[in-house]
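What follows is a single structure, written as C-alpha cells, with notes after it.
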Amino acid sequence: MRFLHRAAQTARLMVGVPDYDAYVAHRHAAHPGEPVMTLAEFHRDRVERRYGGGKDRVMRCC
C-alpha cells in the first residue's frame, strides 16, 4: 500500500500536481496552530502560482 501511495505521489509531481497531504503535514509540523488551506483553496492557490492570476500577479502563459 505504501508503494502505491509513493508511486501515485511521484506520478502527480511528474505532471505538476502538488500533494495536498504533504502540504498539510508540513503545515502541522512547521507551523502548528496556524490555519491550513482547504483542498479547494490549496488547488486554487497552486494554479494561480503556476499560471498567474490574482489582483497583484502578472498574467503569464509559461
Side-chain angles (χ1 to χ4, degrees):
M1 185 65 148
R2 179 88 175 137
F3 172 76
L4 292 176
H5 174 75
R6 295 297 268 173
Q9 182 182 32
T10 300
R12 284 192 297 270
L13 289 173
M14 288 173 65
V15 296
V17 177
D19 188 356
Y20 180 71
D21 293 333
Y23 159 75
V24 172
H26 166 78
R27 291 296 293 182
H28 287 301
H31 310 281
E34 292 185 13
V36 176
M37 289 186 277
T38 65
L39 181 60
E41 292 170 333
F42 175 77
H43 282 293
R44 186 174 23 256
D45 178 70
R46 298 305 166 202
V47 168
E48 287 179 1
R49 285 175 180 261
R50 183 171 186 172
Y51 298 110
K55 63 181 178 185
D56 60 342
R57 295 191 178 125
V58 175
M59 293 300 290
R60 58 190 172 126
C61 68
C62 306

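Judged as a salt bridge (Lys or Arg N to Asp or Glu O under 4.0 Å), and not counting sequence neighbours, the contacts of Arg27 are Glu34. Among residues two or more places apart in sequence or in another chain, the ring pair (Phe, Tyr, Trp, His ring centres under 6.0 Å) test is passed with His31 by His26. With sequence neighbours excluded, no residue forms a side-chain hydrogen bond (donor to acceptor under 3.5 Å, both in side chains) with Arg44. The side-chain hydrogen bond (donor to acceptor under 3.5 Å, both in side chains) check on Thr10 picks up nothing, with sequence neighbours excluded.
Between the NE2 atom in His43 and the CG atom in Asp45 there is a gap of 11.0 Å [rounded to 0.5 Å].
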What donor-acceptor contacts under 3.5 angstrom involve side-chain atoms of residues 12-22, with partners at least two apart or in another chain?
unit_1: Asp19; atom_1: OD1; unit_2: Asp21; atom_2: N; d: 3.2
unit_1: Asp19; atom_1: OD2; unit_2: Gln9; atom_2: NE2; d: 2.7
unit_1: Tyr20; atom_1: OH; unit_2: Met37; atom_2: O; d: 2.8

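Within the 4.5 Å cutoff, no side-chain heavy atoms of Phe42 are placed close to those of Val36.
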